Amino acid sequence: MANSQYAYVRKFELPDALLPTSFLVLRIDGKGFHKFSAAHNFEKPNDKKALDLMNAAARRMMMGKELNGEIIIGFGESDEFSFLFKRSTSLYGRRASKLLTLVVSLFTTAYTFLWPLYFPNSPLELDNLPVFDGRIVQYTSDKEVKDYFRWRQVDTHINNMYNTCFWSLVLTGGLTEKEAHKELSQGTISSQKQELLFSRFGINYNKLPEMFKKGSTLIWEDVVEPEAVAEPITPPASSTSSSAVPPLPDLPELTTEVSLPAVEPAPTFRKKPTKLKRTVAVVHEDLIAEVWWKNGRGKGLLEL
């Protein structure tokens, strides 16, 4: 940036570097998605295509060269996604404004770009585009980070339970939205909601898709690339003709001459070394139990 008599205005820019050893959690939320989802007729209570689109946008962002693999886990539900950076990240000097604007803009761009693949018959409109805002929160301990993701997953379950009951009462039970809210606001607990779903609508909550109940976790993993066809090894040429047949032992019971076809040596193959490919997997697992962090996919995650 060139120096001039006007360069003094840069002194008004405030430094916004985040603490050097803190965990950085960045959460994005859809803005005005109630209106947006209604405009595109999202299925209630959950639209699988919409959730798959959120996952695809988050996966593209995590795997893109723009972030250099610095995000180690993502968790999404409904119209929100949370991302955890490596504790050791130095991306953009850990400047809050740079990280926040980069992630929000990249996620929104990916979401918009991928939209036609999931909703080909519902094009976006210029006056009603998908918009996301975001925030960064710093945590200082492993426990706080684990509890953050536990909080978001518990929230996923509570919201899904309520929304499944609510829309069953409206779409199948014939209640108005106001009547459904009133019925569910009378202190029903989880077991009562499950009983309501099963007794009145034949819905077994435990058999609903795991993505609806537990949200989506995006995490890096190594996968074996598809095995290539092995290359045959050409055996060294023999000094004798390959068509020569060794003499047969005397077989007195045979009275006719027997000739055998030439036997070609069986080809041998060179085994190619196994190649691992780094990718982001989308799973729907229990993040609340400590076992996931100690022995599951989350093992060693917070040490990066």
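The model shown is predicted, which means the values in this text are computed figures rather than measured ones. Only this structure's heavy atoms are used, side chains among them; waters, hydrogens and symmetry mates stay out.
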If you measure from [atom1] on [X] to [atom2] on [Y], what distance do you get to the nearest 0.5 Å?
X      : Y      : atom1 : atom2 : result
Leu276 : Glu221 : CG    : CD    : 11.0 Å
Asp147 : Leu287 : CG    : CG    : 12.0 Å
Cys165 : Leu197 : SG    : CG    : 3.5 Å
Leu184 : Lys193 : CG    : NZ    : 6.5 Å
Ile158 : Ser190 : CD1   : OG    : 9.0 Å
Leu26  : Ser82  : CG    : OG    : 8.5 Å

Do the side chain of [X] and the main chain of [Y] share a donor and acceptor less than 3.5 angstrom apart?
X      : Y      : result
Trp220 : Ile71  : yes
Asn204 : Asn206 : yes
Asp16  : Ser97  : yes
Asp155 : Trp151 : no
Thr108 : Ser105 : no
Gln138 : Leu19  : yes
Ser141 : Glu144 : yes
Gln192 : Ile189 : yes

Cluster check [X], [Y]: I/L/V/M/F/W/Y, side chain < 4.5 angstrom:
X      : Y      : result
Met62  : Leu102 : yes
Met211 : Leu53  : no
Leu99  : Met63  : yes
Ile288 : Val25  : no
Met54  : Val283 : no

For residues [X] and [Y], report the shortest heavy-atom separation together with the two atoms involved.
X      : Y      : result
Ala96  : Leu18  : CB-CD2, 3.8 Å
Ala17  : Gly93  : CB-O, 4.0 Å
Thr112 : Pro130 : OG1-CG, 3.8 Å
Ile203 : Ser168 : CD1-OG, 3.6 Å
Ala180 : Leu169 : CB-CB, 4.0 Å
Leu106 : Glu66  : CD2-OE1, 3.8 Å

(request) May I ask you to establish whether Arg87 and Phe23 are in a cation-pi arrangement, using a distance under 6.0 Å from NZ or CZ to the six-membered ring centre and at most 45° from the ring axis? (result) yes

Assess the pair [X] and [Y]: is the distance between their ring centroids shorter than 6.0 Å?
X      : Y      : result
Phe119 : Phe42  : yes
Trp115 : Phe36  : yes
His157 : Tyr205 : yes
Phe132 : Phe33  : yes

(message) Show, in sequence, the C-alpha distance, side-chain angles and deciding distance for Ile73 and Leu218, and conclude whether the side-chain contact (heavy atoms from CB on, under 4.5 Å) test is met.
(response) CA-CA 6 Å; Ile73 183 175; Leu218 274 62; over 6 Å; no

Taking the side chain as every heavy atom from C-beta outward, state whether [X] and [Y] have any atom pair closer than 4.5 Å.
X      : Y      : result
Tyr118 : Asp47  : no
Lys299 : Trp293 : no
Lys277 : Val224 : no
Asp29  : Arg135 : yes
Gln194 : Phe198 : no
Glu80  : Ile28  : no
Leu126 : Leu129 : yes

(request) Show your reasoning for whether ring pair (Phe, Tyr, Trp, His ring centres under 6.0 Å) applies to His181 and Phe166. (result) CA-CA 7 Å; His181 276 304; Phe166 176 83; 4.4 Å; yes

Salt-bridged, [X] to [Y], with N to O below 4.0 Å?
X      : Y      : value
Lys86  : Glu303 : no
Lys178 : Glu183 : no
Lys146 : Asp142 : no
Glu43  : Lys49  : no
Glu285 : Lys214 : no
Glu179 : Lys182 : no
Lys31  : Asp133 : no

(request) Might you work through the side-chain contact (heavy atoms from CB on, under 4.5 Å) test for Arg278 and Val223, ending with a clear yes or no? (result) CA-CA 7 Å; Arg278 194 77 168 150; Val223 297; over 6 Å; no

(request) Would you check, one step at a time, whether the test side-chain contact (heavy atoms from CB on, under 4.5 Å) holds for Leu84 with Leu24? (result) CA-CA 6 Å; Leu84 174 66; Leu24 309 181; 5.9 Å; no

(request) Take Thr156 and Lys213, measure what side-chain contact (heavy atoms from CB on, under 4.5 Å) needs, and give me the verdict at the end. (result) CA-CA 6 Å; Thr156 302; Lys213 298 181 295 181; over 6 Å; no

(request) Check whether more than 12 heavy atoms from other residues, nucleotides or ligands sit under 6.0 Å from atom CZ of Phe201, and answer yes or no. (result) yes

(message) Other residues, nucleotides and ligands only: do more than 12 of their heavy atoms fall within 6.0 Å of OH on Tyr92?
(response) no

For residues [X] and [Y], is any side-chain donor paired with an opposing acceptor at under 3.5 Å?
X      : Y      : answer
Glu70  : Thr89  : yes
Asn46  : Asn160 : yes
Tyr139 : Ser22  : no

(request) From the options Ile72, Leu301, Val282, select the one residue that forms a side-chain contact (heavy atoms from CB on, under 4.5 Å) with Ile219. (result) Leu301

(request) Anything under 30° is parallel, anything over 60° is perpendicular, the rest tilted; go ahead and classify Phe107 against Phe81. (result) tilted

(message) Walk me through whether Glu195 and Arg200 qualify under salt bridge (charged side-chain N to carboxylate O under 4.0 Å, His left out).
(response) CA-CA 8 Å; Glu195 177 60 26; Arg200 294 172 62 174; over 6 Å; no

